[in-house]
Amino acid sequence: MVSPLYILGIGLGIAFLLPLFEKLGKKIPRIITLITLMVFTLIAVSWVVMISGAVDKFPVIFNTIGFKAPFAISLQVGLIEALVLVMINTAALLSGLFLSLRKDSHWEGKQIVLFLTLVIGVNGLVLTRDLFNLFVFLEIVSISMYALIASNDEKHAYEAGFKYLIAGSIASAFYLIGVIYLYRFTGTLFIDQIVAMDLAALQATHPGLVFAIALIMLGLLIELKPFPSNGWAIDAYEASDPAVSAMISAVGASGVVFAFYKISSLFPPEMAEIVVASGAVTFVFSQLVGLRQKRVRRMLGYSSVGQIGIIVMIIGLQRILKIDDAQMIMSSAIILLGNHIFSKAGLFWLSDIFDQEQLRRVRRRPLMIVLFGVFLGSLAGLPPFPAFWAKWRMITVLAESDKLFLIIIILLGSLFEAGYLFRWFTTLLRDESDPGDIHEEQIPEDIPVSSSQTGVVSSTRALAALAENAGSVVEELPVLSVEDPTAAEKRNPVVLAVVAISSVIVIAAGVLLGAEFLRASNELLLLIPVAVLTAGILFDLLHLPHRIHLILAMAGISFYSYRILMGLDGIYLVFGILFLTGSLIQMISLYVKKSLHFGLIPMITALILSLGNLLISTTRLGFFFSWEMMTVLSSLLILRGRKASGAGLRYLLFSLGGAYSMLIGLMLYPDFSLLLQGVRDVSTPPVLAVFLISIGAMVKMGSLGLHIWLPGAYAEAENEISSLLSSVVSKAGLFLLFVTSSLYLIPLLPSGNIPVSVLLGWIGAFTALAGAFFALFQEDIKYTLAYSSMGQVGYMLLAFSLMTHLGWVTSLYMAVTHLLFKALLFLAVAGVLYRTKTRMMYQMGGLIKRMPISFITVLLSIIALSGVPPLTGFGGKWLLYTALIEKGWYLQAGVAMFASAIAFLYLFRLIHVIFLGQLKDEHRAMKEAPIGFLIPQVVGMIVIMLFSMYPSLLIGPLQRAVTPFFSESIIWEGYTVFSTLGYWNGNAVMYVTIGVFIFPLAWLLLMQRKHTRMVEQFNIVFAAERPDRPETTHFGYNFFAHYRRALGMYLTPWATRWWTGVVTLTDSLGGTMRRIYTGNGQTYAFQIILYGTVLLLLLRGGF
Amino acid sequence: MITQLLIILGAALILVGFWGVLTRKHIVKIIISFSILDTGIHLIMVGIGYIKDGSAPIIDQEMPVSRLAGNVVDPIPSALVLTAIVIGVAVTALMLSYAVQLYTFYKTVSIEQIKELKW
Amino acid sequence: MMKDIAIKAGYTLISLFVITNYGLLLGGTMARVRAKVQGRIGQPVWQPYIDIIKNNVLRTGISHGVMFYLGPVFRLAGGLGTYLFIPAVYGSLVFANFAFSGDLLLVMYFIFFGQLGMALGAGQSGHPYSPIGVARGLAQMSAFEVPFALSVIAIAAQYQTLSVTEFVALQQGGILNWIVFTNPLATIAAMISFLGMSMGNPFSIVIAPQEIPIGPPTEMQSSFLGMLQTNRAIFNGAKLVLFMNLYFGGATSVLSMVVKTFLIYLYTVIVGASFPRFRADQSIRFFLGIPTLIGIAAVVVQMI
Amino acid sequence: MKKDEMNEQIAQIDKAMRLGNEGLSDDQKAYFCDQRPERIDPYHGILERFANWARAESLWILGFGTGCGAIELRPLMTSRYDMYRYGIQPRPTPRQAGVFVIGGYASVKTMKRIVRSYEQMQGPKFVLGLGSCTINGGMYWDSYNTINRLDHYIPVDIYIAGCMPRPEALLAGFNRLKEMIKAGQCDGMNSYAENFDWYKKNQKQIIKHWNMPDYNW
């Protein structure tokens, strides 16, 4: 085993010799340093290998200068030390590579020396077991950092460095006083010896002991930048060279964190609690303040501070929790630390590359997007990155120890962090034409906006307010409309490779951890989406032909579906078919695309597989993992849309919020198993858990109040994605409800006997109504369809919450049929949009003559969607009302009927304004949609007709799927289905309809056989005038103006206002909070001292 | 007695140092305050190790290991002080060079004028 | 099997023949009633027949496209279908129609079928007045649907059935068994929405002749118009029969059907002759106001 | 080869059969149907008589008051005259109307609308010239802006003289029209189609800004 002394010895030696080497050649010191760092890394790796071979022989203590501790300084190498050193040294090595490889690199001379001393110092911090030696290494680290900060020789760097110096000096003063007193009370500086003492007894004789330990703690804590006394550190992150910031954040901070961990074994419990509080406060408030931040590096600084905060919190926690839990949670801290090291360094480097290349948009740089996304995702704790697993473990441990509050804090902070990180992402990713917020309707100038319409227009404006910050992350930088022509010359693939290594480390670590976590429950299959995504992205990076990729992907999904569907039955099978087969059919339309669409197929494939994984995951971790994967992938898919940055961001945040809510709910109710149990389970879960889980589901379904992400996301995503999202992905929420259905029969109020499902039912009913009403007033066809989906999913929620046999059959029936209709509608509309190049319905018109097949598709699907017999949509309505009336939910049935009448209105409007009326000049030469769009449509129409003729084909299997949970409620006699209330014979209805249709048609053909003249579009009675232009003759804009006049006042976007309020409040809270960072070094010093005083007073138990 | 005096003196210097850091606007004065603060800490350190009338901590025949306790000055604080002083000097030097650079860039020595980075 | 189908077809033809003629005559009669209210003599009772014949024998016609052509077909199919899913006379084989294929929900939703077809046909004419009328009509429909739906829910809850035949069966045995007496609130709500459904004054904004020359069918002529007029008779008859079945005890013979539906229709005509016209938004607000509250009250009564 | 020639000939004939629509710019021509009106033979025998009876008993007037005489149409709907009892009723759109009552003088501006509306009515269609103005211009006989003879522009079935004629006269006119229809004497529709060029020439002589197709379907 290599002695750690070599690290320190070699390091110091090389550091001092470097100036000499410089004489040999400019590049020599770089190479030597890099080799040294590599040696360090290898040594650490060798330790890890050895230790993992023989865990019981470690940790090993190395003594210096021939004496044992306490008479000499001793260094300890254990698993944790070795792991941390591997991470730190690898990061340092990558940093060194980055510094020496980047363009116009000035990495030489003093900088290299400082860099090396910093690394040595950090290694020392990790290894030493002597308190004073710790101080020395701390100072070595600090002094190297002070000097490194100013290495870019800029004004602001000096300012920041000076503030850093002040803070560091105060911190080390605290530490030094603490150490000296501790020495006085214990007579030793060797940590292990102090820990071995009976500190409580010592406390009795030396009342100042706690005070001394507290000072030591404080000294290190200040170095870890606790909120609010951390303004100096954030200044440093902002002002120094990004590569240096990366070092400070990744390497420097990690060393101090480890030192803090080391001394934490001295903490008495009450001090540990204070540490936990400090860490938690730091985490949540730094993220909150970060929300308002618009300068990228400063934002990263807040993020760094927050990440360190959560680790500090864990270090405190491991002193409080039981020993097993402590080890568990400490392992999550190590993972978080590693995650932080590599992803934060990666982000700082990327920000440097952006600066170097003067890049304001990365939309056309796939590799860059991937790296960027990986780092952001891992920082935000998204799956499959390490932080996700770490947070999962942490939360599990916390839940077991009933620390709900901390879970909430962690998740809240994570949400904030995801918010600002992905705001940065979307800003960089967005297209030049993207306004960056929620897209507003474009009203042409020749149609004046009257005051009666402003209600709705301003509501969209209010929606936009949510994402208002998204547009301004880089506001102070000039936005280039096209990529800077010189940028290509500035590209430096070598540097990018360094960054890529970092991201590979993150991904690999994440996957390995995932395998480790999932192996326990035999769910390794759940990692397939990650593998597929990675492979697919690589394919895309290699520019594999689009269609080959598509075929491969579809074959893969088919195989996967086959494997999965074989093993499923009942409701699971229904959802399996819904998720897998439904999406597979829709993928056919991707064939129309000719060229490469970066990331499209990999992400869709992974999304579909994640959906499938929801069905086969048996544990909470597996379920949550797949759920999060699905969320993340779908929001990334939305972000592909040309103007989707605002909408995608909002979708991501809402989905994450929903997922976290679900997570808390699941954690609150640990006995609950995520297996479909029906409603028989009568154990009483906490009501709060039930609410939180259902919120998770309802966010995904876009239920009223939680729906405001929905229109933008569905509308701004690419057409195929919209179709997939609204017809398939929204059903994931329904699936969650089914899986957790045993929860919803518990009473809403502790004393009452009204179950939660009643509340869900009302929400569903009003979602249906609100969705229909919102859809009624949209000019943008995709918004119409989006709101329509919202309403339809509301019906499913309503039917589900009936908790009866018929209700569930209805819900599943609607889920299946809605998939059909909505996919058809979206596909047909996609074809129309593909040709017309506009989304505003009133700009279309008269397309029936140009796109007859699309027209027929839309006609069939709107007849079906609005529930008009004889098509299969009526089955859904019939089942729904029958079920509602049977259950006694009369008022809900009334609301649902109103909603369905309104749905009829907007659907008519949709077909009329697009396909009927006046054809526009620009569409005169238009053709039918491409064949790729038409094939799935024709298939879908055939299926609809089949289900309409023979409803038992669909209802039968669903009935059987639901039967295990309830007793049968409907019976079949031939083609007639009987409920206790009524009956319906789809077959007979179809025949009668055909009959009554044929008869008048024949009559008309007979009467009009000769002299009916086909005329053109302007051959109309126009009050004895002739029409002027098609635009002024086509009635399509503000179609239901009278409805708005009648009921417009009830359409106030309350939900949007509420969420806008929440966001504004959070934002301004962050804005107010950050006023404490005055920029004055002296204020910062004051804050530090005040912070210390408050902490010490708290420790004393009061003032 | 003298130990306590030393410690009280050290504590007083620490307070003076903190007071200086928190109240002086002149950068160099702040740096000087840090030096005072350091000195105070050093004094305390020395004071803690000091034993009245104790001899130098050299083990020989007059001072066998068995008599060490209570009769010799604890050598460790002194060693620590030496290290601390060295570090303190290094930090002070760095601070001063920062002060020079700040003056060249900001043309001021008042810490209140140097706050372009904030929020 | 074939014989059954043939017999059923024969019955259906008889039933349709009766309802068509009855509907036309009813229309003519009501025109005369309206004339009497205005102090005129009015048109002959058979005038609807002449109008339909005339329209069908016009020499020319114009078509704006396939949907324009099919629109009236859809409309008439909707009317015929609606009628055929309602049992017209209780206990009669001939007039049982195809009530076995679906219950009240089917009838309620089948009404949309014709509406949609008509709206599509009107839409393809390219005339802006057509969609304006359609928009008004649909808006008004969605509004009067609410009290009607609530009323239907209330009586379904009361009688625990959705089958129209069942409703009629349960109302037999005395005038006091009629739903109009057992559930007056539901009946009131439904009868108010029936005013909207029959599109007479004050809910005739859809066809406002001077403003949007009779709205949706403004481009319809010749046999298209003739078909729409035929449907008007049949569809009217169907709606009357439905309301008679639901609220007024149904009919056990053709005669009682005639009397009851005549009276129900007379009620709408009298209201129509006495009131001016609502604007579209006014009628939406009207239906969603008091009638809806009455409907809710009817439902709530069933819940407690 | 021969087939091509034939096709070409057919195309030429077809083009000759179609209307020029010179009043329209090229990009507007696609908006309008350019077919010529055709003569459509009546049914034969009893069928035509039955049809004529129905046409006569169901006279739907186009509610288009072209001149001051239209004021006399309103009383017809009131209880005093009650035209409904004769099967006469107003319709708001030419598509559904069968009788066009030209209410007195027709200015050039109105004439354009009259032509358009007349052409949009479905045949067989009848024109009733009301008042002296439609016969010879009446008191506007030398006006620079009013036509003198209606039947130079559209075929007229019956004139009701007077300035203005009373509603009773109007009713008499309608009854006379009914008799004529029953007798099969009213075929203005076909005469318009047969003499289309002549009518069109006359119309275009007075209507200067002809911005509509030659035949308004």
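Only a predicted model underlies this, so the values are computations on that prediction, with no experimental measurement involved. In what follows, chains are A, B, ... by sequence order, proteins preceding strands, each numbered from 1.
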Query raised in the report: Is C:Arg59 close to D:Arg55 at the side-chain level, that is, under 4.5 Å between some pair of heavy atoms?
Result: yes
Query raised in the report: Who wins among C:Ile52, C:Ile53, C:Thr218 for the most heavy-atom pairs under 4.5 Å with chain D?
Result: C:Thr218
Query - Any side-chain donor near an acceptor of the partner, C:Ser222 and D:Gln122, under 3.5 Å - result: no
Query - Contact origin within D:Met189 toward chain C - heavy atom pairs under 4.5 Å - result: side chain
Query - Sub-4.5 Å side-chain heavy-atom contact between D:Trp217 and C:Thr60 - result: no
Query raised in the report: Do you know which of C:Gly39, C:Ala31, C:Ala35 has the most heavy-atom pairs under 4.5 Å to chain D?
Result: C:Gly39
**Report entry** Side chains of D:Ser79 and C:Arg40 in contact at under 4.5 Å (non-hydrogen atoms)
**Finding:** yes
Query - Sidechain-backbone polar pair: C:Gln47 side chain, D:Glu57 backbone, donor-acceptor under 3.5 Å - result: yes
Requested in this report: Using the six-membered ring of D:Trp53, assess whether NZ or CZ of C:Lys54 lies under 6.0 Å from its centre and within 45 degrees of the ring axis.
Outcome: no
Report task. State, with a plain yes or no, whether a side-chain heavy atom of D:Gln89 is found less than 4.5 Å away from one of C:Gln43. Result -> yes
Requested in this report: To the nearest 0.5 Å, tell me how far C:His64 NE2 sits from D:Cys33 SG.
Outcome: 10.5 Å
Requested in this report: Give, as side chain, backbone, both or neither, the part of D:Arg91 having an atom under 4.5 angstrom from any heavy atom of chain C.
Outcome: side chain
Query - Nearest-0.5 Å distance, CD1 of residue C:Ile41 to CE of residue D:Met83 - result: 14.0 Å
Requested in this report: Examine whether an atom of D:Glu48 lies under 4.5 Å from a heavy atom of chain C, and if so say whether it belongs to the side chain, the backbone or both; otherwise answer neither.
Outcome: side chain
